[in-house]
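As structure tokens, the structure follows; a few thoughts come after it.
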Protein chains: 2
Amino acid sequence: MPPRSETSDDDAPIGRRGSYSKGVARRQEILDRALEVFRERGPEGTSLRRVAEEIGVSHGALLHYFSSREQLLLALYEHTEKHRHDLRGHEEMARQGAVGNLVEAAGVNVNLPGFVQLYSTLVAGALEEERTETRDYFIRRFERVREQTADRLRRQQEAGEVRSGLDADKLAALLVAASDGLQTQWLLEPEVDLEGTLGLFTELLRP
Amino acid sequence: MPPRSETSDDDAPIGRRGSYSKGVARRQEILDRALEVFRERGPEGTSLRRVAEEIGVSHGALLHYFSSREQLLLALYEHTEKHRHDLRGHEEMARQGAVGNLVEAAGVNVNLPGFVQLYSTLVAGALEEERTETRDYFIRRFERVREQTADRLRRQQEAGEVRSGLDADKLAALLVAASDGLQTQWLLEPEVDLEGTLGLFTELLRP
DNA sequence: GTCTATACTCGGATAGAC
DNA sequence: GTCTATCCGAGTATAGAC
């Protein structure tokens, strides 16, 4: 679900007339260069105009492909998330419990404070205006994460690993909320024990 | 702990030479007018310059009393928090359990979405720079709220209302985190049941 | 569709008048 | 200490060239 607005099907490298539209490739190219700049200097303090200059396009041209600074940061977020996702073992991930999954994700994030901060900035931005792409993106994201977590919980309830009689959907929202909130506290005070505190849920949910 | 930088003791209305320094009064006057503007138009989209013009001071003068837009928003937040605090019954509040207290606070916030959003904006801003007043403010705030919550929890553990064997400090951090995170989700999707979901902790913590 | 040029408002810093 | 004047770079919107 990339932030590019329309171009929703451009997949056949051969045969389809036009194949990749040149614009998408150009956009990708610009994004790649921009990611490099962010990697070196970090997103904070790196203005749109600075990035544009550094990667050799005009300020206006950059804005042509990313309609706002927020959009560019969202693209950066998505890219980092993919990388972060790769850091985790996919096989084990699948059959993990809800709490274990969140704890492990938090463990990965501990090494990526910049990522957590970017997340927080984008979410706060999403709350500030009514109908933006960023807002839609995070609404969908929360829905997805809650749903996955609820599924895990239900499976664990059936397996007797988690106490039953609790609304799995509400519980999932609570777990995700706690995870997000804790990471905020952790960014402000690194001595907060992210994984240990989140792990309390293991005991709280024991049947 | 108001955001005014130095002037830390100006309390005696009589006898002390100079009594209130004129600057403090002026600052308060400007703040009051600014609060009015925010009440009418909301903080988002209300620029420093617009506020200044509307209350009849220059852009520079406003910046003289509030060294940044963030400082002004923080003052707005503190003022609203005081008002919000008044909405809650102080007597009952004191002898409430940890979960009940958070649930009730959330219940008040449900009628003040702008306040929750402002909180989220300020917290995100606090995460973005290293040594700012806003950051210090929220570090202290989280410490205070966690401590209060932990105290309640300990009292409840001794009274047998909350299951023991759980680290009250960690548990407090978890409760506060869940409360914050849920309010974020609620701002994005109002159908999220803020009080009900947070109330799950009542069952989770039962001995 | 791709991009340049321009203009507007914004937050913030500075220098200096009073 | 209080405030005006000015300047800077930022994000964004628009018109229009190609």
Side-chain angles (χ1 to χ4, degrees), chain A residues 4-7 10 17-31 33-34 37-38 41-76 121-122 124-125 128-129 132-134, chain B residues 3-8 10 17-31 33-34 37-38 41-76 121-122 124-125 128-129 132-134:
Chain A
R4 55 181 105 127
S5 35
E6 310 302 49
T7 51
D10 42 87
R17 75 188 125 74
S19 70
Y20 290 114
S21 73
K22 232 182 66 182
V24 172
R26 176 80 172 122
R27 186 194 145 104
Q28 188 59 52
E29 186 194 334
I30 288 180
L31 178 55
R33 309 277 311 267
V37 176
F38 283 135
R41 313 175 101 80
E44 55 272 31
T46 313
S47 75
L48 219 43
R49 287 169 135 103
R50 288 273 293 154
V51 172
E53 190 188 7
E54 207 120 7
I55 69 183
V57 301
S58 80
H59 166 220
L62 182 52
L63 238 20
H64 178 69
Y65 291 98
F66 299 88
S67 54
S68 71
R69 182 177 140 92
E70 209 180 51
Q71 286 296 307
L72 183 57
L73 289 182
L74 186 55
L76 167 64
T121 302
L122 287 170
E128 276 170 20
E129 285 138 304
T132 63
E133 282 185 58
T134 313
Chain B
R4 56 180 105 127
S5 35
E6 310 301 52
T7 52
S8 54
D10 40 84
R17 74 188 126 73
S19 68
Y20 290 115
S21 72
K22 233 182 67 183
V24 173
R26 176 80 172 123
R27 187 194 144 104
Q28 187 59 49
E29 185 194 333
I30 288 180
L31 178 55
R33 308 276 312 265
V37 176
F38 284 135
R41 312 174 102 82
E44 56 273 31
T46 312
S47 73
L48 262 184
R49 287 169 134 103
R50 290 271 294 151
V51 172
E53 189 188 10
E54 207 121 9
I55 70 182
V57 302
S58 78
H59 164 220
L62 183 52
L63 238 21
H64 179 68
Y65 291 99
F66 298 90
S67 54
S68 72
R69 181 178 140 92
E70 209 179 53
Q71 285 297 308
L72 183 57
L73 289 182
L74 186 55
L76 167 63
T121 301
L122 287 170
E128 276 168 21
E129 285 140 301
T132 63
E133 282 185 56
T134 313

Position toward the 5' end of DNA chain D (nearest nucleotide), B:R26 or B:H59:
B:R26
Under a 4.5 Å cut-off applied to non-hydrogen side-chain atoms, are A:F66 and A:L31 in contact?
yes
List the atom of A:L48, the atom of A:L62, and the distance in Å for their closest heavy-atom pair.
O-CD2, 3.5 Å
B:H64 NE2 to D:dT4 P, in whole Å, measures 11 Å
Would you say that B:Q71 contacts B:E133 through its side chain, given a criterion of any heavy-atom pair below 4.5 Å between the two side chains?
yes
Could you walk me through whether B:R33 and B:E54 satisfy the salt bridge (charged side-chain N to carboxylate O under 4.0 Å, His left out) test, starting with their C-alpha distance in whole Å, then the side-chain angles of each, then the deciding distance to 0.1 Å, before giving a yes or no?
CA-CA 9 Å; B:R33 308 276 312 265; B:E54 207 121 9; over 6 Å; no
Without decimals, in angstroms, what is the distance between A:E129 CD and D:dG11 C1'?
12 Å
I want to check one thing: is the phosphate of D:dG9, taken as OP1 and OP2, less than 4.0 Å away from some side-chain N or O of A:S47?
no
Would you kindly give the CG-to-P distance between A:L72 and D:dA10, to the nearest whole Å?
14 Å
Separation of D:dT12 atom P from A:L62 atom CG, nearest Å, is 11 Å
Extract, from 5' to 3' on DNA chain C, the first and final nucleotides lying under 4.0 angstrom from some heavy atom of chain B.
C:dC10 to C:dG12
Answer yes or no: is there a side-chain heavy-atom contact under 4.5 Å between B:F38 and B:V51?
yes
Nearest-nucleotide 5' precedence on DNA chain C, B:T46 against A:S58
A:S58
Please report, rounded to the nearest Å, how far the C1' atom of D:dT4 is from the CD atom of B:E53.
16 Å
Has the side chain of A:R49 got a donor or acceptor atom that lies under 3.5 Å from a matching backbone atom of A:H59?
no
Answer with base, sugar-phosphate or nothing: what part of the nucleic acid does B:R49 contact at a heavy-atom distance below 4.0 Å?
base
